[in-house]
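Worth knowing before you read on, the calculation uses all heavy atoms, side chains too, and leaves out hydrogens, waters and symmetry mates. Throughout, a chain's letter reflects where its sequence line sits, starting with A, and its residues are numbered from 1.
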Amino acid sequence: MENTDVARILFEMGDLLELLDENQFKVRAYRQAAQVIDTLPTPVSELVRDGTLTALPGIGEGIAGRIAELVEHGTFEEHDRLAARVPPGVLELLEIEGVGPKTVSSVWMGLGIRDIDALEVACRSGRILEAPRMGELRARAILQAIARHRARKGRMLLHRALWIADEIVARLREVHGALRVEACGSVRRRLETVGDLDVLVGSKDPGPVTRTFVGMPEVASVVSEGPTKSSVRLKVGLQVDLRIVAPETFGAALHYFTGSKAHNIALRTRALRRGIKLSEYGVFDREGRRLGGAEEKDVFEIVGLPWIPPEIREGSGEIEAAEAGKLPRLIEEKDVLGDMHVHSDASSDGQSSLDELADEGKKLGRRYLAITDHSRSRPLGLDADALRAHARQVASVDRKRGGRPKLLRGVEVDILPDGSLDLPRDVLTELDWVVASVHSHFTDPEERMTDRIVRALESGVVDVLGHPSGRLIGRRDPYAFDLQRVIDVAKKRGVALEINAQPERLDLSDKACRLARDAGVALVISSDSHAANHLANLRFGVWAARRGWIEAGDVLNTRPWPWDGGERNSERRRIHSEKREARARGGPGGTEGSPRRNER
DNA sequence: GCCGTTTTCGGCCCGACTGTTTTCAGTCG
């Protein structure tokens, strides 16, 4: 049972308890526990096995026992007992915006409404008005929310949300009196998908800011409008919340609205224990005297912590790490010197020529680009002869351009269903860089898929495993495979794992990055560009890595010569010396680079 | 149900906005 499944059932437990009007703190306890499990980097089953569940914040004897039951049996007794009392359609009513537990229990118990369809009928017929505190306006709002619920296509990918956020922030910055404007929330934490946008403005004069905000051309409807808080829904379906605060409280508000919720609660609780009150309006002592809050770092400073980067504010150990002085020095985009996975127009789906790629790479300051076109199993992929010719072409363009950026002769070779590689070993050892990826038979059972990947990692000719899980966010789930075993083998055989920076992949995911980091396996951040304008996507991979607590030293392409072996293990060195010998025998056409050992 | 620098009981984050009321409950973040 995966962590997300355990978390889902614990969340559901909170909903069930709430609908049955149980103690609200018990409700909160289950939700908090669900949150903790959901952001846990290690499999919860391991903690059950080791009996260390109760070491997690918010998980005591009671919930730990239920999680153990859950991991063993797929469910637990109390959950089943409560679930039997609440029809499944009733639980689903909670997903309608503006409909909370009180409304659900009153229409369920009072009017016998048991699902969304029945709720819709009651709104249209006016019968819903019999429920307490229910009027015409609310009935209409619920009908609209039901329509949205049915049309909803899920959360928006980060790159799209970020683009919209940048537009809105730029527009609000032009408003006179808007002294500071920042996007916060999940966009600032660089979560891979975004449910809504949060924009914060520091201003003494909120009127013009609010008017500009609700009047933007992208706005489809105004959800709410007030002097400090307004919400709109954009035509693209995204909701945007605006908060306006006094400039002297901007830092506290920025922290508060960046979240995550779990992080905020943990920090507030910590502050309370020290007799300090934290809110979006600042940091205060017991007597209500302001201690600070103009800058975000004030908030951390006053509770005795260093500033914590937004990407790791998930309530998953960052506060404890900060306290112990063990916060990671997260990797930054400028640390990444080059790109190790780039497609050219030599294979099927690439759109840009080598020169176009090199030009764009130079503009972005990349020192090297590995040209890694597809192997023969892909439509229009390269066979051994075509790849050799292509490699000569890459070397020739590189010579012509003087190695700025250095173009590396590489390939993205398919891992075939039996775990063999799609090209013969001898051609692979002639290259500078080999990415190996799964592109077919995604539905193989877990053990077969894991064996398949492991066999490729053990081939001795692979530098990095490309997009390790194969997921496409919101469109295709990861294939079934044992990530921990792949990490262990990769570590042992000196093969790196890719953090594929395509915004719809982000694969390894942030959580998988953290697992890989804990295992000490080498990582590579690559854009997997299929056109020159994709090269800039590398930053999305950097953000995923940051969310996974990755430091520059964990990532091979922060080094000047990542393709030239390295000291991490003898296997890699052996293969690369083999390659150098092959080059020496082969004469011209070899890469002239690689004269130095890696500096660390 | 969880937790403890006010520790085994008695707290648990908290403010804004809306729509319903006629002073506030419900929802949201």
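Remark: the A:His149 side chain and the A:Glu97 side chain contain no N/O donor-acceptor pair separated by less than 3.5 Å. Checking A:Asp528 against A:Asn500 by side-chain atom types alone, a donor-acceptor pair falls below 3.5 Å. Counting only N and O atoms by type, the side chains of A:Ser279 and A:Arg268 include no donor and acceptor under 3.5 Å apart.
Residue A:Thr228 is in sugar-phosphate contact alone, with no base atom involved, counting any heavy-atom pair closer than 4.0 Å across all strands shown. In this structure, A:Arg140 reaches neither bases nor backbone, as no heavy-atom distance under 4.0 Å exists between it and the strands shown. A:Arg274 comes within 4.0 angstrom of nothing in the nucleic acid, heavy atoms only. Within the nucleic acid shown, A:Ile59 comes within 4.0 Å of sugar-phosphate atoms alone, with no base atom in reach, counting heavy atoms only. Residue contacts for A:Arg268: at a heavy-atom cut-off of 4.0 Å it reaches a base atom on one of the strands shown. No contact: A:Gln24 has no heavy atom under 4.0 Å from any strand. At a threshold of 4.0 angstrom between heavy atoms, the contacts of A:Leu10 with the nucleic acid are absent. Using a 4.0 Å heavy-atom criterion, one finds that A:Lys261 contacts the bases of the nucleic acid, with or without backbone contacts as well. When heavy atoms are screened at a 4.0 angstrom cut-off, A:Val27 is found touching no nucleic acid atom at all. Base contact: A:Asn23 has a heavy atom under 4.0 Å from a base atom. Residue-level contact check: A:Glu22 touches neither bases nor backbone, having no heavy atom under 4.0 Å from any strand. Within 4.0 Å of A:Tyr281, counting heavy atoms only, lie sugar-phosphate atoms of the nucleic acid but no base atom.
A salt bridge does not link A:Arg160 to A:Glu504: none of the charged side-chain nitrogens sits closer than 4.0 Å to a carboxylate oxygen. Salt-bridge check for A:Glu280 with A:Arg243: passed, with a basic side-chain N closer than 4.0 Å to an acidic carboxylate O.
Between the base of B:dC24 and the side chain of A:Arg133 there is a donor-acceptor pair shorter than 3.5 Å. At a cut-off of 3.5 angstrom, the base of B:dG15 holds no donor-acceptor pair with the side chain of A:Tyr256.
When the nearest nucleotides of DNA chain B are assigned to A:Glu61 and A:Gln239 by heavy-atom distance, the more 5′-ward of the two goes with A:Glu61. Across the interface with DNA chain B, nearest-nucleotide mapping of A:Asp198 and A:Leu272 shows A:Leu272 to be the residue nearer the 5′ end.
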A:Ser231 and A:Asp241: side-chain hydrogen bond (donor to acceptor under 3.5 Å, both in side chains), yes or no, with the steps?
CA-CA 4 Å; A:Ser231 290; A:Asp241 298 332; 2.6 Å; yes
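Across the C1' atoms, B:dT23 and B:dG29 are found 24 Å apart, a figure rounded to whole Å. B:dG10 and B:dG15: their C1' atoms are spaced 24 Å apart (whole Å). With both ends at atom C1', the span from B:dT27 to B:dT20 equals 13 Å, rounded to whole Å. Going from the C1' atom of B:dT7 to that of B:dC3 covers 8 Å, rounded to whole Å. Remark: the separation of the P atoms in B:dG26 and B:dT22 is 14 Å, to the nearest Å.
Note on A:Arg243: every side-chain N or O is 4.0 Å or more away from OP1 and OP2 of B:dG29.
Residues from residues 100-116 of chain A placing a heavy atom under 4.0 Å of any atom in DNA chain B, listed by number, are A:Gly100, A:Pro101, A:Lys102, A:Thr103.
Here the side chain of A:Arg313 pairs no donor or acceptor atom with the backbone of A:Thr258 at under 3.5 angstrom.
Shown here, B:dT27 forms a base pair with B:dA16; the pair counts as Watson-Crick or G-U wobble because both key distances fall under 3.5 Å.
Here the nucleotide nearest the side chain of A:Ser224, chosen from B:dG29, B:dT18, B:dC2, is B:dT18. Nearest nucleotide to the side chain of A:Arg138, out of B:dC28, B:dC2, B:dT27: B:dT27.
A parallel orientation is assigned to the rings of A:Phe76 and A:Tyr30, their planes being inclined by less than 30° (bins at 30° and 60°).
Exactly one residue among A:Glu318, A:Glu314, A:Glu311 makes a salt bridge (Lys or Arg N to Asp or Glu O under 4.0 Å) with A:Arg189. That residue is A:Glu314.
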